[in-house]
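These notes concern the structure reproduced below.
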Amino acid sequence: MIMEFFSLEQMQELAQEYGYWAVFVGIALENTGIPLPGETITVIGGFLAGSGELNYWWVLFSAILGAVIGDNCGYWLGRIGGWSLFVKFARIFRLEETQLAIAKHKFNENAGKAIFFGRFVTLLRIFAGPIAGITEMNYGKFLFFNFTGATVWASVIVTLSYFVGRIVPLPELVSLIAKFGLLGLLIVGVWIGASFLIKYYQQKKSFNS
């Protein structure tokens with residue numbers, strides 16, 4: 001379970017006080033593999049841009065740069081530390097090894113897609129970078145999907161927050177985007193479960209024949 005270390009009001013105050021740095025640092029730490037509400041801070045940044053407190057393009061740039069650098073840090077931490085260290089670290093945040101194993105299994109099957117689309121999925125967004133390093137994904141391939149995924153993700157989140165935030169209160173906006181992330185996680189979970197069942201019945205059918 002991802003821990004929210006700050007209330008929404010506290011995160012809004014941080015974004016208002018530190019501006020683009022709050023967006024950059026928040027999403028960078030989250031993408032490094034630390035379960036912090038980086039996406040929420042990015043949403044707040046887009047929301048503040050919509051209200052005229054921040055500049056849209058600088059919020060977008062900060063989010064993209066933070067996501068790219070954070071994922072790169074996560075990649076090399078995973079590459080150097082390996083799976084056992086990653087599991088020990090995740091236990092601090094009460095994340096079970098089974099949850100991490102599911103993400104790792106899915107990542108191994110579709111590494112490029114996992115890096116690109118994983119940004120829109122709760123948990124996968126946090127652990128895609130470290131898992132890429134742990135599985136020793138080709139670094140050039142990782143860089144490509146990391147940058148393109150970060151650009152698309154940040155553009156969607158910041159733009160959505162910028163425009164929708166003008167007509168929807170911040171708590172509702174954050175809740176709406178969080179639900180999309182959880183929906184993505186549910187879809188991935190169903191996909192993985194269906195894949196396991198299909199493989200199981202295929203193996204069973206092959207054994208019986």
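One-based numbering along the sequence shown.
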Listing, residues 16-25 side-chain donor-acceptor contacts under 3.5 Å, not counting sequence neighbours, or none:
unit_1	atom_1	unit_2	atom_2	d
Gln16	NE2	Glu53	OE1	3.3
Tyr20	OH	Asn55	N	2.8

Could you pull out the closest heavy-atom pair between Tyr75 and Met137, with the gap in Å? OH-O, 2.6 Å
When rounded to the nearest 0.5 angstrom, what distance separates CG in Leu29 from CD1 in Ile126? 11.5 Å
Between CZ on residue Phe61 and OG1 on residue Thr151, distance to nearest 0.5 Å: 11.0 Å
Are there more than 12 heavy atoms of other residues, nucleotides or ligands under 6.0 Å from atom CH2 of Trp76? yes
With sequence neighbours excluded, tell me which residues meet side chain to side chain donor-acceptor pair (under 3.5 Å) with Glu172. none
Identify, with sequence neighbours excluded, every residue that meets side-chain contact (heavy atoms from CB on, under 4.5 Å) alongside Thr32. Cys73, Leu77
With rounding to the nearest 0.5 Å, note down the distance linking OG1 in Thr40 to CE in Met11. 5.0 Å
Using the salt bridge (charged side-chain N to carboxylate O under 4.0 Å, His left out) rule, collect all pairs that involve residues 61-77, keeping only residues at least two apart or in two chains. Asp71-Arg119
Hey, is the main chain of Ile27 close enough, under 3.5 Å, to the side chain of Asn31 for a donor-acceptor pair? yes
With sequence neighbours left out, what residues match Tyr139 under side chain to side chain donor-acceptor pair (under 3.5 Å)? Asn72
Residues in ring-ring contact (aromatic ring centres under 6.0 Å, His included) contact with Tyr56, at least two apart in sequence or another chain: Tyr162
Looking at every heavy atom in both Leu48 and Gln12, which two are closest together, and how far apart are they? CD2-NE2, 4.4 Å
Are side-chain heavy atoms of Thr148 and Ile115 found at a separation under 4.5 Å? no
Nearest 0.5 Å, what's the OG1-CD1 distance between Thr42 and Ile64? 10.5 Å
